[in-house]
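As C-alpha cells, the structure follows; a few thoughts come after it.
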Amino acid sequence: MTPGEAFSTGLRAVMPLLLGVAPFGVIYGVVALQSGIPAVAAMAMSTIVFAGSAQFLLAQLVGAGAPILLTAGAVGLINLRHALYSASVAPLLARLPQRWKILLAYLLTDEAYAAAIPHLLADAGGRQPANAHWILFGSGAGLWCGWQISTLAGVLVGTRLPADMELDFALPLTFIAIVVPMISTRALFAAAIAASATAVALAALPYKLGLFLGALAGLAVGSALGRRPA
Amino acid sequence: MTLWGLMLLSGALTFAIRYSFIAAEGHYLPPDRFPRLLPFVPVAALTALTAPELMLVGGAVELGTGNSRLWAGVVAIAVAAIGRSTLLTIASGFLALFLLQRI
C-alpha cells in the first residue's frame, strides 16, 4: 500500500463510527455550555483532551466545582484503557520518527484504534502491512475532524438538534462488525466472553473502570488458553 | 484560568497514557508474558467496550425481550459472523432495532 492508499483505508474504516460519534460530540458541546464552560474553552477541550467520555466527565465535574487534582485523576482513570491500545500498536510504530509517534499517540482513541486494527494485523504469511502508520493516521484524522465538527455543532446549534435518533447505536454495531470476524480461535472466543462478562458485571464501577478490568480479564483468559499447544 | 489549567493537565495525562507504550517500545525489555497478551488486545478491549452497551439498560442488566438493542446486537453478531461485511452488519443491526421497537 502507498501512503495515500493506507491513509484512505483508515479514513474509510472510521466513517461508520463517525455516524455514532457525531451525536456524542453534539451532546458534549451542549453539556459543556450548560456546565458554565465558555464556548471557546469547550471547543479547546475537544482538541486538547480529545477523549469523548473523559470530556463529559470533565464538563460535569467543572459544573459541580470539583477540585482540580481529583478531576484530572478521574480523567486519567477513564482513559486507562488507552494504554492497552498504545501497547497494541507500539511494535508497529517502533521504527518511526518521534514526531509520528507523538502524532499517532495524540490521535489514539477507541474509535481510531478499532477502525484501524483489522488492517494493521499481519497477513496469513506473518507479514506486517506497509505504511501501517498511515492507516492509523487516516482513522485518527477522520475521527478528529468528526469530533471537532460535532462539538462545534453542539456549541453553536445546541439543543435544537434532534437528540433521540438512535444514531449512537452505530458505535456498538461497528465494533461488532470489527470484532466478530477477528474471533478465529477458541482462545479469542474465550477472551471475548471473559471481557464481556467482566465489563457487564463491573459496569457499576466509577470512571469506566469496568471496561478496563473487562479488557484485562479478556487478556488473562485469552493468553492462558492461547498458550496451550493447539 | 483554573479551567484552562485543568484542561491542559487532563490533556497531558491523556496523551501520556496513549503515548506510554509507544514511547517505551525498544527502550526496555518487556516481561516474557507480555508479547503473548498483545494479540488479545483488540478483541478483549473492544468487546469490553461493546457488551455493556448491549446488555445494560439504565445501568441494570436486562436480557429480556424488552431490550431491543441487545437482540438487534445479536442479529448484527450473526450477520458479522456469516457475511463479514461492515456495512451489512450495521444495516442489519439498525433494521433489527427498528423492527424490534415496533413489535
Given the options [options], which has more heavy-atom pairs under 4.5 Å with chain B than any of the others?
| options | result |
| --- | --- |
| Leu213(A), Val221(A), Leu92(A), Leu211(A) | Leu211(A) |
| Pro16(A), Pro91(A), Ala94(A), Pro172(A) | Pro91(A) |
| Ala191(A), Gly76(A), Gly214(A), Ala192(A) | Ala192(A) |
| Ala195(A), Ala51(A), Gly218(A) | Ala195(A) |

| Which one of Ile17(B), Leu9(B), Thr50(B), Thr89(B) has the most heavy-atom pairs closer than 4.5 Å to chain A? | Ile17(B)
| remark: One option among Gly93(B), Ala80(B), Ser10(B), Gly11(B) has the most heavy-atom pairs under 4.5 Å with chain A, and it is Ser10(B)
| task | Would you sort out whether Thr174(A) and Ile90(B) count as a side-chain contact (heavy atoms from CB on, under 4.5 Å), showing the intermediate values? | result | CA-CA 6 Å; Thr174(A) 314; Ile90(B) 296 169; 3.4 Å; yes
| field | side-chain hydrogen bond (donor to acceptor under 3.5 Å, both in side chains) contacts in which one or both residues fall within residues 202-211 of chain A, not counting sequence neighbours | value | none
Structural part of [X] lying under 4.5 Å from a heavy atom of chain A:
| X | answer |
| --- | --- |
| Leu54(B) | side chain |
| Leu88(B) | neither |
| Met55(B) | side chain |
| Phe34(B) | side chain |
| Leu56(B) | side chain |

| At a heavy-atom separation under 4.5 Å, does Ala54(A) approach chain B through its side chain, its backbone, both, or neither? | neither
| said: Less than 4.5 Å to any heavy atom of chain B: does that hold for the side chain of Ala187(A), its backbone, both, or neither? | reply: both
Does a donor on one side chain and an acceptor on the other come within less than 3.5 Å for [X] and [Y]?
| X | Y | result |
| --- | --- | --- |
| Trp144(A) | Tyr106(A) | yes |
| Gln148(A) | Thr47(A) | no |
| Thr14(B) | Arg18(B) | no |
| Tyr19(B) | Ser86(A) | no |

| message | Holding to salt bridge (charged side-chain N to carboxylate O under 4.0 Å, His left out), I want the full list of residues that pass it with Arg81(A), two or more places apart in sequence or in another chain. | response | Asp110(A)
| field | More than 12 heavy atoms of other groups within 6.0 Å of Leu69(A) CG | value | no
| Hey, which residues of residues 59-66 of chain B are touching chain A, say heavy atoms under 4.5 Å apart? | Val61(B)
| request: Please list, in residue-number order, every residue in residues 38-48 of chain B that has a heavy atom less than 4.5 Å from any heavy atom of chain A; write 'none' if there are none. | output: Leu38(B), Pro39(B), Phe40(B), Val41(B), Pro42(B), Val43(B), Ala44(B), Ala45(B), Leu46(B), Thr47(B), Ala48(B)
| note | Output for pair (Leu13(B) CG, Leu77(A) CG), nearest 0.5 Å, gives 9.0 Å
| message | Assess the residue pair Phe15(B) and Ile102(A) against the criterion (side-chain contact (heavy atoms from CB on, under 4.5 Å)); give the C-alpha distance rounded to whole Å, side-chain angles, the decisive distance to 0.1 Å, and a yes or no. | response | CA-CA 9 Å; Phe15(B) 174 78; Ile102(A) 290 171; 3.8 Å; yes
| query | Are Leu143(A) and Leu107(A) close enough that some pair of their side-chain heavy atoms sits under 4.5 Å apart? | reply | no
| task | Check whether any side-chain heavy atom of Ile78(A) sits under 4.5 Å from a side-chain heavy atom of Phe212(A), and report yes or no. | result | no
| message | Testing the basics here: between Trp147(A) and Ser46(A), what is the closest heavy-atom pair and its distance to 0.1 Å? | response | NE1-OG, 3.3 Å
